[in-house]
Chemist: 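Please see the structure below; I have some questions.
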Amino acid sequence: GPLSGITHAQGTTTSTVSTAGVYEISYSMSITAGVGSAMAIAVNGVVVPGTTLSSLIATGNISGKAAVSLAAGDVITIRNNSAVALTLAL
């Protein structure tokens, strides 16, 4: 759905929280290469426990959802949380 209480500038890798609260974050990736890779939500550069999605497929989609308590000014990213390189379809 639409962003509410969060700002994101097109072409950047981060989103910034403007209003503190508990947010439901849904995230998905379309992978074209990267068996054994893992994606996770990071807040201010720290992976949120319980948000890591491991890719056990060579190609396809993986998705997750998490409720995360965020403060105003927190910076959110989705990042590769493994040493395995992966390729995403845009």
Side-chain angles (χ1 to χ4, degrees):
L3 294 177
S4 177
I6 295 177
T7 59
H8 172 77
Q10 185 175 351
T12 67
T13 60
T14 62
S15 297
T16 303
V17 177
S18 54
T19 305
V22 177
Y23 289 82
E24 180 180 272
I25 302 173
S26 298
Y27 51 115
S28 63
M29 281 67 65
S30 180
I31 299 171
T32 58
V35 173
S37 63
M39 302 296 290
I41 297 171
V43 176
N44 301 324
V46 178
V47 171
V48 176
T51 65
T52 299
L53 299 174
S54 297
S55 174
L56 303 176
I57 56 175
T59 61
N61 299 316
I62 58 173
S63 61
K65 186 185 311 187
V68 182
S69 181
L70 300 168
D74 280 349
V75 176
I76 306 163
T77 57
I78 305 296
R79 68 185 225 186
N80 184 346
N81 195 36
S82 70
V84 177
L86 67 132
T87 303
L88 300 176
L90 299 176

Chemist: Contact between V68 and V22 at the side-chain level, heavy atoms closer than 4.5 Å - yes or no?
Modeler: no
Chemist: Main chain of T51, side chain of Y27: is a donor-acceptor contact present, judged purely on distance under 3.5 Å?
Modeler: yes
Chemist: Between the side chain of Y23 and the main-chain N/O of G5, is any donor-acceptor distance below 3.5 Å?
Modeler: yes
Chemist: Under 3.5 Å, is there a donor-acceptor pair between the side chain of R79 and the main chain of G45?
Modeler: yes
Chemist: Applying side chain to side chain contact (heavy atoms under 4.5 Å, CB included) to V75 and V43, what does each step give before you reach the verdict?
Modeler: CA-CA 6 Å; V75 176; V43 176; over 6 Å; no
Chemist: If you measure from NZ on K65 to CD1 on I41, what distance do you get to the nearest 0.5 Å?
Modeler: 11.5 Å
Chemist: Are the side chains of I31 and T59 in touch, meaning some heavy atoms are under 4.5 Å apart?
Modeler: no
Chemist: So, S82 side chain and V84 main chain: donor-acceptor pair closer than 3.5 Å or not?
Modeler: yes
Chemist: What about V47 and M39, same hydrophobic cluster or not, with Ile/Leu/Val/Met/Phe/Trp/Tyr joined at side-chain heavy-atom distances under 4.5 Å?
Modeler: no
Chemist: OG of S54 to CD1 of I62: how many Å apart, nearest 0.5 Å?
Modeler: 7.5 Å
Chemist: Begin with the C-alpha distance, continue with both residues' side-chain angles, and end with the deciding distance and a verdict on side chain to side chain contact (heavy atoms under 4.5 Å, CB included) for I76 and I6.
Modeler: CA-CA 9 Å; I76 306 163; I6 295 177; 4.0 Å; yes
Chemist: Could you check whether N61 and S28, counting side-chain N and O atoms only, form a donor-acceptor pair closer than 3.5 Å?
Modeler: no
Chemist: Per the side-chain hydrogen bond (donor to acceptor under 3.5 Å, both in side chains) rule, what does the pair list look like for residues 13-22, sequence neighbours excluded?
Modeler: H8-S15
